[in-house]
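Working notes, structure below.
Scope of the values below: all heavy atoms of this structure, side chains included, with no hydrogens, waters or symmetry mates. Since the model is a prediction, treat every value here as computed from it, not as a measurement.
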Amino acid sequence: MNGISRRGLLKTGVAAGVLGMSGMPLRAQTRGGKLTAGLSGANTTDSWDGRTHSDLFMIASAQGCVFDSLTEIAADGSLKGELAESWEASADAKTWTFNLRQGVTFHNGKAFGADDVIESLQMHLGEESKSAAKPIVEAITDMKKITDHQVQFTLAAGNADFPYLMSDYHILMFPAGQIEEAIANGIGTGLYQVKSFDPGVRMVATRYADHYKGDSAGFFDEVEYIAINDNTARMNALMTGQVDAINRIDFKTEALLRANPALRIQEVTGNQHYTFPMLTGTAPFDDANVRRALKYGINRQEMVDKILLGHGQVGNDTPIGPANQYYAGDMEQLAYDPDKAKFYLKEAGLDSIDIDLSASNAAFEGAVDAAQLFQASASAGGININVVQEPADGYWSNVWLKKPFCACYWSGRATEDWMFSTAYEAGVPWNDSQWDQPRFQELLLSARAELDSDKRREQYGEMQQILRDEGGVLIPMFANYVQAVNNRISSPETVGNLWQMDNGRMAERWSAA
């Protein structure tokens with residue numbers, strides 16, 4: 001078979017193998033030409049080290065161009081093999097055997113095999129590792145090379161979603177024994193080979209000859225990604241023809257883009273959500289009643305209307321979104337209620353509270369405006385928010401995970417366990433609220449190993465309710481991916497909704513018109 005959905009994977013059981021890689025789009029693609037994109041999410045500290053990647057510029061440059069992972073989330077949400085050709089599991093989903101694609105070479109000519117997989121995974125481990133994929137890899141208790149093209153993983157507990165986790169954009173495949181060199185120079189097995197790389201500025205790559213994906217993907221001769229974090233500059237670059245595509249359009253000037261006959265808008269509903277995490281180990285956010293007061297002090301619909309201009313929906317303080325299988329869409333929605341905010345402040349022994357909220361549009365487009373809307377709505381509930389505008393450059397390294405209360409965005413994940421284990425499991429590097437609730441953690445481990453879909457739905461539903469009522473992250477809105485493309489670039493009918501820009505794989509899936 002060519003691919004399998006997550007629902008099908010669970011329904012048929014984990015003994016089924018998943019074969020194939022990205023198939024041909026519905027219409028023939030034009031080979032040749034160049035794709036130039038203006039992308040946000042770049043930093044001067046960017047590198048080819050997948051452990052550090054956190055935003056679109058490096059996701060698209062690395063996993064989307066230069067490197068490969070074992071598996072891939074296709075545009076339609078199905079799971080496909082990339083460097084893994086197939087896989088199968090024991091009945092309890094605890095032991096997984098991956099059969100690797102043969103005839104694959106790194107850009108320096110080294111043949112790809114089992115040793116590369118094991119060493120690439122091991123680099124995420126260690127006490128000092130800050131990789132967001134560390135909790136994924138730590139769950140593997142044993143990695144065994146069976147043959148040069150077969151690897152067996154033994155997990156601490158069964159995990160029906162394990163093949164999905166191997167598509168994480170942090171888990172890139174590097175050449176064994178040459179990892180430092182590969183990080184320094186960008187040596188992967190991807191469709192494109194690095195020509196030049198200026199961190200936080202520009203990446204240029206050319207099509208790798210005789211790639212194992214053949215003519216089924218990678219239709220451009222050259223790809224250039226220009227870092228344009230400023231929203232106005234990014235829009236102008238597209239309008240003037242300097243770039244062929246941009247991510248994160250400015251909703252306020254969307255009409256100008258739609259009026260230009262040379263451009264088209266792509267809007268995709270996924271699990272992207274905008275958040276305000278609170279460090280729950282730091283006062284006053286260590287008090288659940290203070291957190292509840294803030295949850296009732298935010299006007300979610302106003303944010304969707306004024307920040308997203310309708311391109312999304314209200315959030316309910318859980319990261320599980322409309323594109324997830326076990327999304328609890330029927331859970332009672334938290335509503336703006338200043339009186340309840342005051343009530344919970346009194347429960348915390350307070351008549352009012354003064355707090356700082358750090359924000360920058362580097363977090364998400366309109367984050368500063370969103371923070372100011374929050375400031376205005378919360379004041380009626382006795383919550384006095386001081387909005388601290390932070391510099392865009394270095395926001396993710398200097399503010400996020402460090403300031404007690406800040407703005408943030410998440411792309412979401414294809415599975416519930418993937419999202420929770422990345423950002424809500426106790427002690428993981430990207431748990432940006434440092435929240436740890438015993439019942440939630442118990443359910444996390446139980447649902448991960450559960451193969452019965454109905455039981456999983458019940459467990460994930462309870463977890464979402466716990467997050468809504470007690471969690472340390474405010475999630476006021478889910479935002480659609482809205483991006484713009486010049487008509488000289490052709491894209492498939494179905495565009496991926498896991499990350500921006502066709503899951504960051506536009507260089508692989510799009511072509512010259």
Side-chain angles (χ1 to χ4, degrees), residues 1 3-18 71 73-74 76-80 87-96 135-136 139 153-168 269-271 273 313-334 410-426 428 435-471 473 475 478 497-498:
M1 55 188 161
I4 189 168
S5 69
R6 177 169 179 260
R7 187 181 301 274
L9 179 67
L10 295 173
K11 182 178 179 181
T12 59
V14 293
V18 183
T71 60
I73 305 295
D76 64 2
S78 63
L79 185 67
K80 296 180 179 295
W87 50 89
E88 48 277 335
S90 57
D92 60 359
K94 195 172 179 180
T95 303
W96 290 87
I136 295 174
F153 302 110
T154 302
L155 311 183
N159 190 337
D161 293 339
F162 184 70
Y164 276 86
L165 301 182
M166 291 297 99
S167 71
D168 190 291
T269 299
N271 290 330
H273 50 281
Q313 66 182 59
V314 295
N316 210 11
D317 297 344
T318 163
I320 306 308
N324 283 121
Q325 181 176 359
Y326 300 116
Y327 170 56
D330 57 350
M331 185 169 63
E332 183 182 356
Q333 175 66 53
L334 288 180
W410 283 86
S411 296
R413 295 296 187 268
T415 72
E416 288 76 6
D417 182 70
W418 190 358
M419 185 69 242
F420 288 147
S421 64
T422 299
Y424 292 85
E425 186 169 356
V428 299
W435 184 68
D436 181 2
Q437 203 265 13
R439 176 59 179 167
F440 181 91
Q441 303 302 329
E442 175 189 341
L443 286 166
L444 177 62
L445 297 177
S446 176
R448 180 179 296 162
E450 180 58 64
L451 302 183
D452 184 290
S453 187
D454 290 336
K455 291 181 180 178
R456 269 192 146 198
R457 182 179 303 280
E458 182 179 340
Q459 291 170 323
Y460 285 130
E462 184 180 348
M463 292 170 76
Q464 290 172 70
Q465 185 165 338
I466 292 171
L467 277 173
R468 183 200 64 181
D469 297 339
E470 302 179 37
V473 181
I475 305 178
F478 278 80
N497 68 354
L498 184 60

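The main-chain N or O of Leu445 is never found under 3.5 Å from a side-chain atom of Glu450 such that the two would form a donor-acceptor pair. With Asn324 contributing its side chain and Gly321 its backbone, the two residues share a donor-acceptor pair below 3.5 Å. Formation of a donor-acceptor pair under 3.5 Å by the Gln437 side chain with backbone atoms of Phe440 is found in this model. With hydrogens and angles disregarded, a donor-acceptor distance shorter than 3.5 Å links the side chain of Gln464 to the backbone of Tyr460.
One finds no salt bridge joining Arg439 and Glu470 here, because no Lys/Arg side-chain nitrogen approaches an Asp/Glu carboxylate oxygen to under 4.0 Å. Asp161 has no carboxylate O lying under 4.0 Å from a charged side-chain N of Arg413, or vice versa, which leaves the two without a salt bridge.
Considering only heavy atoms from C-beta on, Arg448 comes within 4.5 Å of Asn159 through its side chain. Asn271 places a side-chain heavy atom less than 4.5 Å from the side chain of Pro322. Under the 4.5 Å side-chain criterion, counting only non-hydrogen atoms from C-beta, Ile136 is in contact with Trp418. At least one side-chain heavy atom of Phe420 sits less than 4.5 Å from a side-chain heavy atom of Ile320. Looking at Tyr164 and Asp417, their side chains never come closer than 4.5 Å, going by heavy atoms from C-beta outward.
Within the model, atoms CD of Glu416 and CZ of Arg457 stand 8.5 Å from one another, a figure rounded to the nearest 0.5 Å. To the nearest 0.5 angstrom, Leu334 atom CG is 11.0 Å from Ile475 atom CD1. Atom CD of Glu332 is separated from atom CG of Asn316 by 8.5 Å, given to the nearest 0.5 angstrom. Atom CD in Glu442 sits 10.5 Å away from atom CE in Met463 (nearest 0.5 Å).
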For Asp436 and Gln441: C-alpha separation, side-chain torsions, deciding distance, then whether side chain to side chain contact (heavy atoms under 4.5 Å, CB included) applies.
CA-CA 7 Å; Asp436 181 2; Gln441 303 302 329; 3.4 Å; yes

Using side chain to side chain contact (heavy atoms under 4.5 Å, CB included), reason through Ile466 and Leu443 one step at a time and then give a plain yes or no.
CA-CA 11 Å; Ile466 292 171; Leu443 286 166; 4.1 Å; yes

Could you walk me through whether Leu79 and Ile73 pass side chain to side chain contact (heavy atoms under 4.5 Å, CB included), step by step?
CA-CA 5 Å; Leu79 185 67; Ile73 305 295; 3.8 Å; yes

Derivation and outcome, side chain to side chain donor-acceptor pair (under 3.5 Å), residues Tyr326 and Ser453
CA-CA 9 Å; Tyr326 300 116; Ser453 187; 2.8 Å; yes

Step by step, work out the side chain to side chain contact (heavy atoms under 4.5 Å, CB included) result for Trp87 and Thr71.
CA-CA 10 Å; Trp87 50 89; Thr71 60; 3.6 Å; yes

Is there a side chain to side chain donor-acceptor pair (under 3.5 Å) between Ser78 and Asp76 once you walk through the steps?
CA-CA 6 Å; Ser78 63; Asp76 64 2; 2.6 Å; yes

Between Asp92 and Ser90, does the side chain to side chain donor-acceptor pair (under 3.5 Å) criterion hold? Intermediate values first, please.
CA-CA 5 Å; Asp92 60 359; Ser90 57; 2.5 Å; yes

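The two residues Gln459 and Ser446 have their closest heavy-atom pair at NE2-OG, 2.6 Å. Contact detail for Ala93 and Ala160: the closest heavy-atom pair is CB-N, 4.1 Å. Of all non-hydrogen atoms in Ala156 and Lys94, the two that sit nearest each other are O-CE, 3.5 Å. When all heavy atoms are compared, the tightest approach of Leu498 to Gly412 is CD1-O, 4.3 Å. In plain terms, the two heavy atoms of Ser421 and Val428 that are nearest each other are O-CG1, 3.5 Å.
Using the six-membered ring where Trp is involved, Trp410 and His273 have ring planes that are parallel, under 30° apart on the 30 and 60° scheme.
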